[in-house]
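Report on one structure; see the data block that follows.
This chain uses plain numbering: 1 for the first residue, then up along the sequence. All values below were derived from every heavy atom in this structure, side-chain atoms included, with hydrogens, water molecules and symmetry-related copies excluded.
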Amino acid sequence: MIPNPRARLVSSADFGCKFLMENRAPQKDYLHYNHTDRCRNARWTARESYQLMYGRPWQEVLDFYFHAVNGRFSPSSLFGTEVKTVHDHNDAEIPLIYNTSELNRASVKDKTGRWARATFKIVLSYHGNSFDGWQKQPGLNTVQGLVEKSLGKFVDEKKAQLLKDRCLPLEGCAVVAGRTDKGVTALRQVCSFYTWRTDVKPLDIEDSINSAAPRKLRVLSVSQVSRNFHPNFSAKWRRYLYIFPLKDGENMEPDFAIGEDAENCREEENYNKIEALNGEFKDEILDNLVLSQNEELASDDKPQTFSVRRVNRLLRKLEGKLLSYKMFARDTKASRNEGPPTECFLYHARAVEARLPCLDQGVGRSVMCVELVANRFLRKMVRVLVATAIREVAAGAGEDALLRLMDATCRRATAPPAPPDGLSLVDVGYSEFDPQNCFILND
């Protein structure tokens, strides 16, 4: 049999429908998704979504985060209201080292073993664009690498000798509440460090880390806490803020006054294009139809604007829902081979238009702010949610579009992640979540 580079898959008896594949191009554009809700406009392809997301004036957002890290701005300045921070309401649930019962137990143990260990909670702020993410990696400028190098002078003699015997650098071990990707800013990241030395003071740790990368990495607070404290496992929720820069006149309802005739005409054009490629395709559902890079759909009617108000409506539908890694995360596998899959419970999901503050008291750029709070977030989950919500709103999908995607089976049904430049970890909570402590409360 002579191989055909444009070979089509034969019909499947199990599914009763035919699949059309183009396998000669390494990069593929997906025309159909695994959700069947209809839209007034054609959806952006993955490539179009990527270009529209990254072709934004991100520098102003990066400048805002830089000033926020250095204490000149705060997230509240975007909304004109003051919101309680993690320092105000989270530490109440963290047992302090000065607990009476623990001191009594420690005296019985004569403060040996783990009872002599001092654990410090460190709250950090760092500019994401200045680092290659949190996690330490060889040859890269990471936050964890700098923090652990700064903590090296506080390790006990036994650990220092162990590191020396293994020809390893003298570094401390920092456990973090949540790893951030390259380019993602953290305004109140939480990590912990423990040592058996009794002469270490919180101010010493603060000064050491602050000298590692001035103006890019800043310690907000250091406190000694219970040995039971774990910044990741003890956390009950995380709050993220995504700032998406808008262009002039962009926050508006897409023009849906095209009429049913124009919509039917577009559907007929797509139908004729598919039928030209496969004359036998009629009323069957095409699952993940793939076109080559040279095969382009008519995209003259694809919108370039979207409504922030409608993005807010789509996101609010997810509040109180369990989101699985299968759809809204990227490059993520289940954390266990047995048992329930990794999921996150979304407490709060809102979007609103705001303006970036300016140091010169001028008028800043108009932006869309997306606030998301959940017990945990999976890899690139916030960025996927933001990009997908914008794409669905621009296409005119219904307000339950994201809910429909929760039942989809193909991860490509969601949009590529939005740029990391707009994302920041605002704070981490160790007490029960209070919805009144959010930035965006109303529509």
Practice item. Return the minimal non-hydrogen interatomic distance between His127 and Leu62, and the atom names on each side. Key: NE2-O, 3.1 Å
Review point. Rounded to the nearest 0.5 Å, what separation is found between the CD atom of Gln224 and the OG1 atom of Thr119?
Key: 7.5 Å
Check your understanding: Do the side chain of Arg365 and the main chain of Leu246 share a donor and acceptor less than 3.5 angstrom apart?
Key -> yes
Exercise for review: Apply side chain to side chain contact (heavy atoms under 4.5 Å, CB included) to Arg218 and Asn210, showing your working.
Suggested key: CA-CA 5 Å; Arg218 186 166 69 103; Asn210 280 336; 4.1 Å; yes
**Study point:** Note: Glu399-Arg313 ion pair, threshold 4.0 Å (strictly below)
**Key:** yes
Practice item. Kindly state each residue pair satisfying ring pair (Phe, Tyr, Trp, His ring centres under 6.0 Å) with at least one member in residues 370-400, sequence neighbours excluded. Key: Tyr240-Phe377
Check your understanding: Is Arg383 paired with Asp181 through a side-chain N to carboxylate O contact shorter than 4.0 Å?
Key -> yes
Practice item. Could you tell me which residues satisfy ring-ring contact (aromatic ring centres under 6.0 Å, His included) with Phe131, sequence neighbours excluded, listed by chain and number? Key: none
Practice item. Verify whether one side chain among Gln189 and Thr180 offers a donor that lies under 3.5 Å from an acceptor in the other. Key: no
Check your understanding: Counting N and O atoms only, with roles assigned by atom type, does the side chain of Ser424 sit under 3.5 Å from a partner on the main chain of Val426, one being a donor and the other an acceptor?
Key -> no
Review point. If we only count heavy atoms from C-beta on, is the Trp58 to Pro245 side-chain gap below 4.5 Å?
Key: yes
Point to revise | Verdict with reasoning, Val190 to Val176, per side chain to side chain contact (heavy atoms under 4.5 Å, CB included) | key: CA-CA 6 Å; Val190 180; Val176 72; over 6 Å; no
Point to revise | Test ring-ring contact (aromatic ring centres under 6.0 Å, His included) applied to Phe120 - qualifying residues, sequence neighbours left out | key: none
Review point. Within a radius of less than 6.0 Å around NZ of Lys321, do more than 12 heavy atoms belonging to other residues, nucleotides or ligands occur?
Key: yes
Check your understanding: Under the side-chain contact (heavy atoms from CB on, under 4.5 Å) test, which residues partner Ala387, sequence neighbours left out?
Key -> Met53, Ala415, Ala418
**Study point:** Check: Arg376 main-chain N/O paired with Arg238 side-chain donor or acceptor under 3.5 Å
**Key:** no
Review point. Do the side chains of Leu359 and His67 get nearer than 4.5 Å, heavy atoms only?
Key: yes
Practice item. Flag the pair Asp156 and Arg197 as a salt bridge only when some basic side-chain nitrogen lies within less than 4.0 angstrom of an acidic carboxylate oxygen. Key: no
Exercise for review: Sequence neighbours left out, what passes ring-ring contact (aromatic ring centres under 6.0 Å, His included) with Phe64? Give chain and number order.
Suggested key: Phe73
**Study point:** Heavy atoms from other residues, nucleotides or ligands near OH of Tyr50 exceed 12 (cutoff 6.0 Å)
**Key:** no
Study note, to complete from the structure: For Tyr54 and Pro420 the tightest heavy-atom approach is OH-CD, 3.8 Å
Practice item. Apply the test salt bridge (Lys or Arg N to Asp or Glu O under 4.0 Å) to residues Arg43 and Glu392: give CA-CA distance (whole Å), side-chain angles for both, the deciding distance (0.1 Å), then the verdict. Key: CA-CA 7 Å; Arg43 288 183 176 86; Glu392 294 300 300; 2.9 Å; yes
Check your understanding: Hey, does the side chain of Tyr65 reach the backbone of Asp421 with a donor-acceptor pair shorter than 3.5 angstrom?
Key -> no
Check your understanding: Can you tell me how far CD1 of Ile440 sits from CG of Leu241, rounded to the nearest 0.5 angstrom?
Key -> 7.0 Å
Check your understanding: Run the side chain to side chain contact (heavy atoms under 4.5 Å, CB included) check on His348 and Cys438 step by step: do they pass?
Key -> CA-CA 8 Å; His348 183 84; Cys438 292; 3.7 Å; yes
Review point. Between the main-chain N or O of Leu385 and the side-chain N or O of Thr388, is there a donor-acceptor pair closer than 3.5 Å?
Key: no
Review point. Given the rule in the side chain to side chain donor-acceptor pair (under 3.5 Å) test, do Gln135 and Thr142 qualify, once you have shown the distances and angles that lead to the verdict?
Key: CA-CA 6 Å; Gln135 187 173 4; Thr142 64; over 6 Å; no
Practice item. For atom NZ of Lys149, decide whether the heavy atoms of other residues, nucleotides or ligands shown that lie under 6.0 angstrom number more than 12. Key: no
Exercise for review: Might you point out which heavy atoms bring Ile205 and Leu151 nearest each other, and give the distance in Å?
Suggested key: CG2-CD2, 3.8 Å
Point to revise | Spacing of Leu187 atom CG and Asp427 atom CG [to the nearest 0.5 Å] | key: 8.5 Å
Review point. More than 12 heavy atoms of other residues, nucleotides or ligands under 6.0 Å from NZ of Lys182: is that the case?
Key: no
Review point. Should Cys173 and Tyr194 be marked as a side chain to side chain contact (heavy atoms under 4.5 Å, CB included) after you check the CA-CA gap, both sets of side-chain angles, and the distance that decides it?
Key: CA-CA 8 Å; Cys173 180; Tyr194 66 83; 5.7 Å; no
Review point. Under the 3.5 angstrom rule, does the side chain of Glu60 hit a backbone N or O of Leu356 as a donor-acceptor pair?
Key: no
Exercise for review: For salt bridge (Lys or Arg N to Asp or Glu O under 4.0 Å), just list the numbers for Lys136 and Glu171, CA-CA rounded to whole Å, side-chain angles, deciding distance to a tenth of an Å, and then say yes or no.
Suggested key: CA-CA 12 Å; Lys136 182 169 58 177; Glu171 296 178 342; 3.1 Å; yes
Exercise for review: Supply the atom-to-atom distance Thr414 OG1 to Met381 CE, rounded to the nearest 0.5 angstrom.
Suggested key: 10.0 Å
Point to revise | Arg239 to Phe439 six-membered ring, cation-pi geometry met (6.0 Å, 45°) | key: yes
Review point. Are side-chain heavy atoms of Phe306 and Met368 found at a separation under 4.5 Å?
Key: yes
Review point. Do Leu425 and Arg188 have side-chain heavy atoms sitting under 4.5 Å apart?
Key: no
Exercise for review: Nearest 0.5 Å please: distance from the OG1 atom of Thr45 over to the CD atom of Gln51.
Suggested key: 7.5 Å
Exercise for review: Evaluate the side-chain proximity of Val123 to Val219: yes if any heavy-atom separation is below 4.5 Å, no if none is.
Suggested key: no
Check your understanding: Is there side-chain contact between Val373 and Leu346, with heavy atoms separated by less than 4.5 Å?
Key -> no
Review point. Where the side chain of Thr185 meets the backbone of Gly128, is there a donor-acceptor pair that is under 3.5 Å apart?
Key: yes
Check your understanding: Would you find a donor on one side and an acceptor on the other, under 3.5 Å apart, between the side chain of Trp237 and the backbone of Ser431?
Key -> yes
Review point. Rounded to the nearest 0.5 Å, how far apart are CG of Leu170 and CD of Glu148?
Key: 11.5 Å
Revision key, fill the gap. For Pro357 and Leu78 the tightest heavy-atom approach is CD-CD2, 3.8 Å
Practice item. Answer whether the closest heavy-atom distance between the side chains of Pro169 and Leu163 falls below 4.5 Å. Key: no
Point to revise | Heavy-atom side-chain contact between Phe244 and Val367 under 4.5 Å | key: no
Practice item. Provide the closest heavy-atom pair for Ala213 versus Leu146 in the form atom of the first, atom of the second, distance. Key: CB-CD1, 3.9 Å
Review point. Taking all non-hydrogen atoms of both residues, which atom of Ser150 and which atom of Ser208 are closest, and how far apart?
Key: O-OG, 2.8 Å
Point to revise | Set of side-chain contact (heavy atoms from CB on, under 4.5 Å) partners for Asn375, sequence neighbours left out | key: Cys344, Phe345, Tyr347
Review point. For Lys121, does its backbone N or O pair with a side-chain atom of Ser192 as donor and acceptor, under 3.5 Å?
Key: no
Review point. Are the side chain of Glu319 and the backbone N or O of Ala349 linked by a donor-acceptor pair below 3.5 Å?
Key: yes
